[in-house]
Amino acid sequence: MASLFTGRVLVVNNSARDELDTEWELGRRLENKVLLLYFGSGECPRCQKFSLLLRDFFVRLTDEFYVERASQLVLVYVSQDETEEKQTKFLKTMPKGWLSLPFKDEFKRVLELRFAVSDVPAVVVLKPNGEVIVGNAVEEIRRMGPACFRNWQEAAELVDRNFLLAEDFDDLARSSITDPIRRLKYKLNKKTKNEEKKEEGEESC
C-alpha cells in the first residue's frame, strides 16, 4: 500500500506534525494494513456527524484502552476543506493516529478521480496491495461499527505479524531441545574446573 503514496508526504496527526516522506517510513506505517481513505470536510454538516462516528470507530480498534493491541488499520484523511486552517482545526479534534496529505498536495484530486469520489463523506477501504474492498464504507460503518473491520481483515488476507512465523517456531523448538544439554555441559565444565582448582590447592600444601 505504501506504493500508492510513493514520492508523496503523509503528515502524522500529532502536535509535532511529523512527516512521513521516505519509502521506509511509509512502508512501516502502511504495509500489511487495511487502509481507509477518508474524504471529508470539517465544515460539511454531513461530515461533522460522521466524523465523530469515524473517530470513535478508529479509536475502538486502535486505542489500548479498548484493545490489547491495535488492529491492522490505518486512516489517511483526504481533505476537502476550503483552507489549510480549517483542515488543521478539524484534525485537532481527531485521533493522533490519523495521517493526512498536506493541504496543498494536488494528489488529493488524483485520489478522488481514481476512486470515483463524487460526494462527501466517503471512506474507501483498500487492501494492502491497493485493491478496493469497499468503494464507500460510510453506511457500513454507521450500521456495523467496529465489527465490520473483521470482514475487511478477512478480505485483505492480512498476515498477523504479532504471531511468530513458522521458522521462528522451529528456532524456538531447537532452542528448547538443546537448552538442557547446554546447561548440563556448563555444569559439568564448572564442576571439572572446581575439582582441578581443588587438586591444585592440595598439591601446593
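Residues meeting the side chain to side chain contact (heavy atoms under 4.5 Å, CB included) test with E84, sequence neighbours left out: T88, F103, K104. Applying the side chain to side chain contact (heavy atoms under 4.5 Å, CB included) criterion to T22, with sequence neighbours excluded, gives W24, E25. In this structure F149 satisfies the ring-ring contact (aromatic ring centres under 6.0 Å, His included) test with no other residue, sequence neighbours excluded. Under the salt bridge (Lys or Arg N to Asp or Glu O under 4.0 Å) criterion, R142 pairs with E139, not counting sequence neighbours. Here N14 pairs with D18 under the side-chain hydrogen bond (donor to acceptor under 3.5 Å, both in side chains) rule; sequence neighbours left out. For Q80, the side chain to side chain contact (heavy atoms under 4.5 Å, CB included) criterion is met by F39, S41, V78, R109, E112, V120, not counting sequence neighbours. Every residue two or more places apart in sequence or in another chain that forms a side chain to side chain contact (heavy atoms under 4.5 Å, CB included) with P146 is listed here: F57, R60, L61.
Using a 4.5 Å heavy-atom threshold, the side chains of V67 and T62 count as separate. In this structure, L91 and S100 have side chains that are in contact, with non-hydrogen atoms separated by less than 4.5 Å. Counting heavy atoms from C-beta outward, V125 and V34 have side chains that approach closer than 4.5 Å. Inter-residue side-chain proximity for R8 and L26 is flagged as unmet; no heavy-atom pair is nearer than 4.5 Å. Looking at heavy atoms from C-beta onward, K33 lies out of side-chain contact with L126 at the 4.5 angstrom threshold. Inter-residue side-chain proximity for V9 and D105 is flagged as unmet; no heavy-atom pair is nearer than 4.5 Å. When side chains are defined from C-beta on, L75 counts as touching L54, because their heavy atoms get closer than 4.5 Å.
Applying the ring pair (Phe, Tyr, Trp, His ring centres under 6.0 Å) test to every pair with at least one member in residues 113-136, sequence neighbours left out, gives no pairs at all. Identified under the ring pair (Phe, Tyr, Trp, His ring centres under 6.0 Å) test for residues 118-140, with sequence neighbours left out: none. Sorted by first and then second residue, the salt bridge (charged side-chain N to carboxylate O under 4.0 Å, His left out) pairs with a member in residues 71-82 read E82-K86; sequence neighbours excluded. Pairs passing the side chain to side chain donor-acceptor pair (under 3.5 Å) check and including a residue from residues 119-134, sequence neighbours excluded, read R46-D119, K127-E131, N129-E131. Residue pairs meeting the ring pair (Phe, Tyr, Trp, His ring centres under 6.0 Å) criterion with at least one partner in residues 63-85, sequence neighbours excluded, are Y38-Y77, Y77-F90.
Hydrophobic clustering (side-chain heavy atoms under 4.5 Å, transitive across Ile, Leu, Val, Met, Phe, Trp, Tyr) keeps L52 apart from I141. Following chains of ILVMFWY side-chain contacts shorter than 4.5 Å, one can reach F50 starting from W152, so the two form part of one hydrophobic cluster. L37 and V117 fall within a single hydrophobic cluster, where Ile, Leu, Val, Met, Phe, Trp and Tyr are joined by side-chain heavy atoms under 4.5 Å apart, directly or via other members. In the hydrophobic cluster analysis, where Ile, Leu, Val, Met, Phe, Trp and Tyr join through side-chain heavy atoms closer than 4.5 angstrom, V132 is grouped together with L30. Hydrophobic clustering (side-chain heavy atoms under 4.5 Å, transitive across Ile, Leu, Val, Met, Phe, Trp, Tyr) keeps V74 apart from V59.
The local environment of CZ in R17 is crowded, with over 12 non-hydrogen atoms from other residues, nucleotides or ligands closer than 6.0 Å.
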Check the pair F58 / L36 against side-chain contact (heavy atoms from CB on, under 4.5 Å), numbers first and verdict last.
CA-CA 10 Å; F58 185 85; L36 306 185; 5.6 Å; no
Stepwise side-chain contact (heavy atoms from CB on, under 4.5 Å) check, V134 with E140
CA-CA 9 Å; V134 184; E140 189 175 351; 3.7 Å; yes
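Atom NZ of K96 sits about 9.0 Å away from atom CG of N13, to the nearest 0.5 Å.
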